[in-house]
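Since the structure comes first, as structure tokens, the remarks are kept for the end.
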Amino acid sequence: MTGRPTLNQRRRESTRLEIAQAAAELFAARGAEATTAEEIATASGISLRTFYRYFSEKEDAVAPLLAAGGERWVRLFTESASDLPVREALERSAAESLSPSDAPAAEALRWTRDLLRDPRLATVWQRVHADSEERLRAAIADRCPPGTDLLEIRLAAAAATAAIRVALEQWARSGAPATGPGSPRELGARCMRELTAGLGLWSRVN
């Protein structure tokens with residue numbers, strides 16, 4: 001579907017985000033295991049039945065927050081200048097997506113750190129990572145000329161998303177700040193350089 005989302009779609013997405021924020025706050029305070037779906041629903045101002053219309057399990061409720069950074073990265077990459085080399089566009093857009101630009105972005109990054117420290121949310125994080133890789137693969141393919149080896153495109157998307165995943169996981173386990181040395185942006189740039197340096201795709205696309 002193209003064009004602006006419908007009013008119902010925007011309301012649904014807004015509700016999903018409100019639930020995700022409520023779940024993130026509860027999970028950060030007491031952990032996913034000790035939090036119930038009913039508590040998340042109550043904190044969100046909805047019924048338990050409504051909660052299950054949006055999410056099948058309580059852990060899934062934080063997926064929209066965990067996915068937000070990857071979605072922003074792919075969007076920034078897609079919107080980057082067409083004459084910018086693909087590898088450089090990936091690095092620049094990743095760096096921007098890992099840099100909190102305002103208070104809500106900084107808060108989302110703090111929630112991400114708390115959520116990645118919870119082993120009960122590992123499956124949700126892996127699924128979000130896989131979805132991000134799929135979106136990035138399609139975006140890279142759009143930047144490549146016809147006939148480009150699909151395996152090389154897939155390898156580039158896998159390496160790039162793995163770089164961001166490793167960077168965020170490393171940061172979440174550390175005491176480093178959200179900006180500056182040891183931040184997601186710094187770790188992301190380092191991981192991106194090292195994991196994507198030898199890809200053959202770069203020699204065949206701008």
Side-chain angles (χ1 to χ4, degrees), residues 1-6 9-10 12-17 19-21 24 54-56 59-101 104-105 108-109 111-112 115-116 121-169 171-172 184-185 187-189 191-193 195-196 199-202 204-206:
M1 182 178 295
T2 59
R4 187 181 181 185
T6 65
Q9 288 172 326
R10 296 198 301 275
R12 181 176 178 81
E13 188 57 33
S14 177
T15 300
R16 279 175 56 85
L17 187 57
I19 297 171
Q21 291 171 340
Y54 286 89
F55 303 102
S56 59
E59 290 84 0
D60 292 336
V62 295
L65 282 181
L66 291 176
E71 291 170 356
R72 182 167 181 252
W73 175 27
V74 174
R75 185 179 70 253
L76 290 168
F77 171 72
T78 302
E79 295 171 353
S80 61
S82 59
D83 59 347
L84 192 65
V86 173
R87 185 181 181 191
E88 186 175 349
L90 280 174
E91 293 179 0
R92 288 189 183 184
S93 56
E96 185 173 349
S97 70
L98 292 171
S99 303
S101 56
L109 198 56
W111 279 332
T112 296
L115 298 175
L116 292 186
L121 301 176
T123 299
V124 178
W125 173 237
Q126 292 298 328
R127 186 168 65 249
V128 165
H129 170 73
D131 291 343
S132 180
E133 180 181 320
E134 186 174 346
R135 287 193 298 271
L136 183 61
R137 183 169 61 198
I140 292 175
D142 287 341
R143 295 281 292 260
C144 295
T148 301
D149 189 336
L150 296 181
L151 178 59
E152 290 189 343
I153 293 174
R154 184 173 184 178
L155 286 172
T161 50
I164 302 306
R165 176 180 60 81
V166 170
L168 283 170
E169 290 174 354
W171 174 72
R185 177 177 182 137
L187 292 173
C191 291
M192 186 75 72
R193 286 193 301 268
L195 286 176
T196 66
L199 293 174
L201 182 66
W202 309 144
R204 284 175 272 284
V205 297
N206 289 332

Heavy-atom check, side chain of [X] versus side chain of [Y], under 4.5 Å:
{"X": "T161", "Y": "H129", "answer": "yes"}
{"X": "E13", "Y": "R16", "answer": "yes"}
{"X": "L201", "Y": "I140", "answer": "yes"}
{"X": "W125", "Y": "L115", "answer": "no"}
{"X": "L168", "Y": "L116", "answer": "yes"}
{"X": "D60", "Y": "Y54", "answer": "no"}
{"X": "L150", "Y": "I153", "answer": "yes"}

So, taking the atom named [atom1] in [X] and the one named [atom2] in [Y], what distance separates them when rounded to the nearest 0.5 Å?
{"X": "T148", "Y": "R204", "atom1": "OG1", "atom2": "CZ", "result": "9.0 Å"}
{"X": "I164", "Y": "L187", "atom1": "CD1", "atom2": "CG", "result": "10.0 Å"}
{"X": "D131", "Y": "Q126", "atom1": "CG", "atom2": "CD", "result": "11.5 Å"}
{"X": "D149", "Y": "R154", "atom1": "CG", "atom2": "CZ", "result": "12.0 Å"}

* **Ion pair R92/E96, N-O distance below 4.0 Å** =>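 Salt bridge: no.
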* When you look at CD of E88, are more than 12 heavy atoms from neighbouring residues, nucleotides or ligands closer to it than 6.0 Å? ->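 Atom CD in E88 is packed in, count exceeds 12.
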* **R185 CZ: over 12 foreign heavy atoms closer than 6.0 Å** =>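 For R185, atom CZ is not crowded (no more than 12 foreign heavy atoms under 6.0 Å).
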* Which heavy-atom pair separates L90 from W202 by the least distance, and what is that distance? ->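 Scanning both residues, the minimum pair turns out to be CD1-CH2, 3.7 Å.
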* Asked: Hey, is the main chain of A108 close enough, under 3.5 Å, to the side chain of T112 for a donor-acceptor pair?
  ->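 Yes, T112 side chain to A108 backbone: donor-acceptor pair under 3.5 Å.
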* Asked: Run the salt bridge (charged side-chain N to carboxylate O under 4.0 Å, His left out) check on E91 and R87 step by step: do they pass?
  -> CA-CA 6 Å; E91 293 179 0; R87 185 181 181 191; 3.4 Å; yes
* To do: Apply salt bridge (Lys or Arg N to Asp or Glu O under 4.0 Å) to R165 and list each qualifying residue two or more places apart in sequence or on a separate chain.
  =>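 With sequence neighbours excluded, R165 shows a salt bridge (Lys or Arg N to Asp or Glu O under 4.0 Å) to E169, given in chain and number order.
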* Applying salt bridge (Lys or Arg N to Asp or Glu O under 4.0 Å), name anything that partners R143, two or more places apart in sequence or on another chain. =>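 With neighbours one apart ignored, the set is empty.
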* Given side-chain contact (heavy atoms from CB on, under 4.5 Å), test D142 with T78 step by step and report yes or no. => CA-CA 9 Å; D142 287 341; T78 302; over 6 Å; no
